[in-house]
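Residue numbers begin at 1 in each chain, while the letters A, B, ... track the order of the sequences.
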Amino acid sequence: MDPGEGGSPAAPSTSVAAPAFRAGADADTREDAGKQVVVILVGPPGSGKSTFAEAVMAGAAAAGRPWARVCQDTIGKGKAGTKIQCLKAAADALKEGKSVLIDRCNLEREQRSDFVKLGCTVQADVHAVFLDLPAKVCISRSVSRTSHEGNVQGGMAAMVVNRMLKNKQAPLLTEGFSRITFCTDDDDIKKAVDMYSALGPSHSLASGVFGQKSKGPVQTGIMKFLKKADTSSVNKSSGTMVTSSERKTGQQNTTLKQENLEAGGACSMQVEKKLDNLKEKGEQSKERVSSDTSLCTLAFPSISTADFQFDLEKASEVIVDAATDFVQKHDNVRLVLVDLSQKSRILSLVKDKAAKKSFDSSRFFTFVGDITQLHSKGGLQCNVIANAANWRLKPGGGGVNAAIFNAAGEALQHATKECADTLRPGNSVAVPLPSTSPLHQQEGVTHVIHVLGPNMNPMRPDCLKNDYTKGCNVLREAYNSVFENFASIARSYPGKQNDETSSRKSASGVISPNDSKTKREGIDDSERTKKYNSMGSSDAPNQAREEDNKKNGGVTNKTWGSWAQSLYEVAMHPEKYKNADSILEISDEFVVLKDLYPKAKRHVLVISRTDGLDSLADVKKVHLPLLRSLHSAGLKWAHKFLEEDASLTFRLGYHSVPSMRQLHLHVISQDFNSPSLKNKKHWNSFTSAFFLDSVDVMDDVDQHGSATINPDEKLLAMELRCHRCRSAHPNIPKLKSHIGACKSPFPSHLLKDKLLSVSTGRTGCS
DNA sequence: GTTCTAGAAC
DNA sequence: GTTCTAGAAC
């Protein structure tokens, strides 16, 4: 062990600790005794994280508490690894019932937020231990060490430590920690080590901030947090929030009360109980209410029933139908309809109607409160909130829209602008909320889904003039779009997976054109066609807006960069290129071309020659014979390649959202052994739900008249998983070395009819 | 210092 | 789609 680091090598054998940090003094024996703890160490190289972790591990083992240390410096088979590896190791340890020490620098909020989330997901207590030693101490220790696991040592160490400290952000309770311990010298560290070492399985530590010395008297526990919330979370747009003094006397129990749809529903009981605790115990329970959920939660306002004057009775029917339908189809998600007023008529209508339905009432309920302060003032943690936006996606206008833009700050405006310019009724757009936004920091909201509902107010744009047939359809589309976008976000939360079928089949994504939803509602193809055509039309008064909406609702009128035109050129004028080695076949219907940057040993494109078919989004039932021709040609070439190399396996399919213009089918061998496969996007575009198997596309077009595409950009940013054994890998080089060696069989859903090899023979239709 | 990723420009 | 490069991570 490096004698200069940590300063407390004797800690594991020490059982007596100073009073301020003694486990016995801070511990309260609670009902949930034995709860797991995630301790996130925060500190630069040289601050003694590893010594701390090792000492706690040793001591805790003696105290009978199973801990795992997740150390980024050693996680890659003894060498430095990645954050993803750490997250996985931590998740695995938590699954095994262990408490976890996260031993990595974690100096910035962003770097530790995923670990906080992980802890919240399994309902563990999440603590931070901030090893806030003077920079010169950390530097001198890291400079002098000679065998650091992460190779931060020697002359370079000073630079690394200085650079990291420049960006350090002290942990805050609002990040989701229930306890933060500051250590500013070796003595503090020793006390903290002793405290965690002595923490037996039947104890837990009190919530709050401990050991912070710099700013006057130490604020203990949650009071600091409450004080912070008082000054920072006043909602300018709402005059109905409880004041700080009301909260302290427990009045928030009535003002901000969750109203379960079915009396005595499990969730209601749980929250009521916790709110009772809040009354009795004051500050502590409050934190526990907020972190007490493993469900990814969407809070949404009633759409169109305020300014857009939509009939409440009809709206409530749509809400209940859409929401109950959604929670029945998706696991691990929760929907909460929120309104400011306890007398809200829409809430009572929804409650009444929902009470007559049978579904899991803990996963859809109503809540009275301010949608921008659900966590800090209502004790309800919502990962995602929906916003009843205006078509320009601009702040202002009063109501929920103004409140959300106000609360989220400029970060939301910028983030929104990056996602979309405008919105059509019935559509929604999910905007990731930057971690700089107060709404993210204080309320834990990671995404805002803007949605535009139908308008019945003649003073507002696109008034439907009481056409409630259309109105209800648009409102239903709006809710479905929000929910599908939410499902897509929920899938990216650790441990919050939805079922495979719905994820593959849904058209959810950053921008949801509601394609799959209209099908579900029984709107026929001609109607959908009309919808898309109208978006591209040049109807005089709305031309500018329609132009904007090409980016939004429809995918058919995407603009293509000059670099994206080459396949179109080849398809339109193949004769110009017929002498090129890369052209394998030319017919009236298609051109077969070797991919210029093949992502596998064999990778060809079968390009349609039909002008106007830019991508799968343009395909209609009339194109089914063309799809079959492309598929046959693909099969033919795959067979040819199999004759040359019998070890290959082929898959035929389309990219949901292609980068190159002109409909083209990929025929690609599943070795993915190619230097041109260089990044995550390449990998995920062929191995995630972004890749749509040709046989599925043909079925879909046959049955529904169009292809159910999944335009979710997140699919391309997903973690890197082996397409055979599904193991996760931290980066492309490591993934590639794994897939070169992986001999696992392909997943069964592919083996069924999606793969072509010598052993499987001819696959799909011909 | 190196390795790798992600965003901008084309 | 690619290349280039800044920045993240340690």
[X] [atom1] to [N] [atom2], straight-line distance once rounded to whole Å:
X: His682(A); N: dT2(C); atom1: NE2; atom2: C1'; result: 8 Å
X: Trp560(A); N: dT2(C); atom1: CH2; atom2: C1'; result: 16 Å
X: Leu677(A); N: dT5(B); atom1: CG; atom2: P; result: 11 Å

Under 4.0 angstrom between Lys678(A) side-chain N/O and dT3(C) OP1 or OP2: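 Checking Lys678(A) against dT3(C): at least one side-chain N or O falls below 4.0 Å of OP1 or OP2.
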
Per Leu720(A) side chain, nearest of listed nucleotides dT2(C), dT3(C), dT5(B):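 So the nucleotide nearest the side chain must be dT5(B).
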
Partner residues of Phe650(A) under the ring pair (Phe, Tyr, Trp, His ring centres under 6.0 Å) criterion, sequence neighbours left out: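 Only Phe641(A) meet the ring pair (Phe, Tyr, Trp, His ring centres under 6.0 Å) criterion with Phe650(A).
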
Those residues of residues 721-740 of chain A lying under 4.0 Å from DNA chain B by at least one heavy atom: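 Result for residues 721-740 of chain A: Asn731(A), Ile732(A), Pro733(A), sorted by number.
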
Minimum heavy-atom distance between Ile739(A) and Cys722(A), given as atom pair plus value: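 For Ile739(A) versus Cys722(A), the nearest heavy atoms are CG2-SG, 4.1 Å.
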
Nearest atoms (heavy-atom pairs only) where Val38(A) meets Ala124(A):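 Answer, listing the atom of Val38(A) first, then Ala124(A): CG2-CB, 4.1 Å.
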
Residue pairs fulfilling salt bridge (Lys or Arg N to Asp or Glu O under 4.0 Å) with at least one residue in residues 126-135 of chain A, sequence neighbours excluded: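 Every salt bridge (Lys or Arg N to Asp or Glu O under 4.0 Å) pair that includes a residue of residues 126-135 of chain A, provided the two are not neighbours, is Asp132(A)-Lys168(A).
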
Touch class at under 4.0 angstrom, heavy-atom based, for His664(A) against every strand present: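 Answer is nothing: His664(A) stays at 4.0 Å or more from every strand.
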
Sugar-phosphate only, base, or nothing, as touched by Lys681(A) at under 4.0 Å among non-hydrogen atoms: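 Nothing, no heavy atom under 4.0 Å.
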
Sequence neighbours excluded - ring-ring contact (aromatic ring centres under 6.0 Å, His included) pairs with any residue from residues 652-673 of chain A: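 Those involving residues 652-673 of chain A are His603(A)-His666(A), His655(A)-His666(A), His655(A)-Phe686(A), His655(A)-Phe690(A), His664(A)-His666(A), His666(A)-Phe686(A), Phe672(A)-Trp683(A), Phe672(A)-His723(A).
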
Arg609(A): partners by salt bridge (Lys or Arg N to Asp or Glu O under 4.0 Å), with sequence neighbours left out: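 Counting only residues at least two positions away or on another chain, Arg609(A) forms no salt bridge (Lys or Arg N to Asp or Glu O under 4.0 Å).
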
Lys190(A) side chain reached by Val193(A) side chain, heavy atoms, under 4.5 Å: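 No; the side chains remain at least 4.5 Å from each other.
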
Arg661(A) vs Asp614(A), salt bridge (Lys or Arg N to Asp or Glu O under 4.0 Å): CA-CA, chis, key distance, verdict: CA-CA 5 Å; Arg661(A) 177 185 177 192; Asp614(A) 288 351; 3.2 Å; yes

Protein-nucleotides 7-10 of chain B N/O pairs closer than 3.5 Å?
residue	atom	partner	partner atom	Å
dC10(B)	N3	Trp563(A)	NE1	3.3
dC10(B)	N4	Trp563(A)	NE1	3.3

